Student: 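Shown below is the structure under consideration.
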Amino acid sequence: MRLKREFYERENVVEIAKDLLGKQLVSSIDDTLVAGYITEVEAYSGVDDKACHANNGKRTRRTEVMFGSGGHAYVYFCYGIHHMMNVVCNVQGQADAVLIRAIQPIEGMDVMCQRRKKDRVNKNLTCGPGKVGQALGLQTKAHNGLDLMREVLWIEEAPNRMAEEVFATTRIGVDYAEEDALKPWRFYIKNSEWISKK
DNA sequence: AATTAGATGTTCT
DNA sequence: GAACATCTAATTA
């Protein structure tokens, strides 16, 4: 079952980010099913968060989706190379989002390897936001704004065995964000091998 | 094992 | 021009 709109439209992004750990991320782009458990995320808290693209009410063609209603994908192109996948949270008008930083592959390993130009499955396949985007098949801006309720990208409830210990720490690559760079808004599953840093 | 260069779209100065 | 929610391959020690 796909997660419902109400899951994403809650007010507290940090709670949503933690709740997303262990859920199943699925993509059926190009008629190919690929899935993985979410193992690492980061919360970005809209206009009041200096690390967020929408901070201070910054509204551009790129950030527009974040201001829409929760349960949509915010896919953006980073460093001229990588497509990163975020989940838009909170209601319309609020620009909260959760960045998916790492997943543990469950299904479609062969396709993921092919997309990532690897010949075998190992941690390197999906342990980082750019890698996750590539493994899911996100290659163009066309995937920006997809509705997770009805389209080719979504998140499902997963067996509860993944509800293990969660670690909270600072976000990565946001040193420029002054005091907000210190917020412990990066979460990962403690025992998982599938995270972006050792 | 650790550091560095290079890839380059979007946004802001 | 410069900076940026990164990754890889090559180089250095």
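Here the structure is a predicted model, which is why all the values come from computation and not from measurement. Proteins come first, then strands; the chains are lettered A, B, ... in the order of their sequence lines, and each starts at number 1.
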Student: Can you tell me the distance, in whole Å, between the CG atom of A:N55 and the P atom of C:dC4?
Tutor: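 For the pair A:N55 CG and C:dC4 P, the rounded distance is 13 Å.
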
Student: Measure CG/A:N86 against C1'/C:dT6 and give the value in whole Å, please.
Tutor: 14 Å

Student: Which value, in whole Å, describes the distance between the C1' atoms of nucleotides C:dA9 and B:dG9?
Tutor: 22 Å

Student: Given side chains that start at C-beta, do those of A:L25 and A:L136 come closer than 4.5 Å, heavy atoms only?
Tutor: yes

Student: For a quick check of understanding: with a heavy-atom distance under 4.0 Å over all strands, which category does A:R186 fall into, base, sugar-phosphate or nothing?
Tutor: nothing

Student: Using a strict threshold of under 4.0 Å (side-chain N to carboxylate O), is an ion pair present between A:K23 and A:E157?
Tutor: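 The answer is yes: the pair qualifies as a salt bridge.
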
Student: Just checking A:I172: base, sugar-phosphate only, or nothing, at a heavy-atom cut-off of under 4.0 Å?
Tutor: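 Sugar-phosphate, no base atom in range.
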
Student: Give the rounded distance in Å between these two atoms: CD of A:E40 and P of C:dA5.
Tutor: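 It is 16 Å, rounded to the nearest whole Å.
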
Student: Between A:D175 (CG) and C:dT6 (P), how many Å, whole number?
Tutor: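 My rounded result for the distance is 10 Å.
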
Student: Quick check on A:F67: does its CZ atom have over 12 non-hydrogen neighbours (other residues, nucleotides or ligands) under 6.0 Å away?
Tutor: yes

Student: By nearest heavy atom, map A:Y176 and A:Q134 onto DNA chain C; which one lands nearer the 5' end?
Tutor: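 The residue mapped nearer the 5' terminus is A:Y176.
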
Student: What's the CG-P distance between A:D49 and C:dA5, to the nearest Å?
Tutor: 11 Å

Student: Going 5' to 3' along nucleotides 8-13 of chain B, which nucleotides have protein heavy atoms under 4.0 Å from the base (write B), which only from the sugar-phosphate (write S), and which from neither (write -)?
Tutor: BSSSS-

Student: Is DNA chain B part of any stem, that is, at least 3 consecutive Watson-Crick or G-U pairs with both distances under 3.5 Å, and where?
Tutor: B:1-7 with C:6-12, B:9-12 with C:1-4

Student: Reckon A:H82 has a side-chain N or O less than 4.0 Å from the OP1 or OP2 of C:dA5?
Tutor: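 Answer no for this pair, as no side-chain N or O of A:H82 is under 4.0 Å from OP1 or OP2.
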
Student: Supply the atom-to-atom distance A:F187 CZ to A:I195 CD1, rounded to the nearest 0.5 angstrom.
Tutor: 14.5 Å

Student: Students often mix this up, so state it plainly: with edges at 30° and 60°, are the rings of A:H83 and A:F77 parallel, tilted or perpendicular?
Tutor: tilted

Student: Between C:dA5 and B:dT3, how many Å separate the two C1' atoms, rounded to a whole number?
Tutor: 22 Å

Student: Whole angstrom is fine here: how far is it from CE in A:M66 over to P in C:dA5?
Tutor: 11 Å

Student: Report yes or no: does A:Q134 contribute a side-chain atom to a donor-acceptor pair with the main-chain N or O of A:R115 at less than 3.5 Å?
Tutor: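 Yes, the answer is positive, given that a donor and an acceptor are paired below the 3.5 Å cut-off.
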
Student: With sequence neighbours left out, which residue pairs that include part of residues 61-73 of chain A fulfil the side-chain hydrogen bond (donor to acceptor under 3.5 Å, both in side chains) condition?
Tutor: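 Counting only pairs at least two positions apart or across chains, the side-chain hydrogen bond (donor to acceptor under 3.5 Å, both in side chains) contacts touching residues 61-73 of chain A are A:R59-A:E64, A:T60-A:T63.
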
Student: Answer whether the closest heavy-atom distance between the side chains of A:D147 and A:R5 falls below 4.5 Å.
Tutor: yes

Student: Could you tell me how far apart A:L125 (CG) and C:dC7 (P) are, to the nearest whole angstrom?
Tutor: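 After rounding, the gap between these two atoms is 12 Å.
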
Student: Ignoring hydrogens, what is the shortest heavy-atom contact between A:A43 and A:A17? Give both atom names and the distance.
Tutor: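 Minimum heavy-atom contact is CB-CB, 4.0 Å.
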
Student: Round to the nearest Å and state the distance from A:R116 atom CZ to C:dA9 atom P.
Tutor: 9 Å

Student: I'd like the P distance from B:dA5 over to C:dA13, given in whole Å.
Tutor: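 About 13 Å, rounded to a whole number of Å.
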
Student: Of A:R101, A:E40, A:R186, which meets side chain to side chain contact (heavy atoms under 4.5 Å, CB included) against A:K197?
Tutor: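 Among A:R101, A:E40, A:R186, the one that satisfies the side chain to side chain contact (heavy atoms under 4.5 Å, CB included) with A:K197 is A:R186.
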
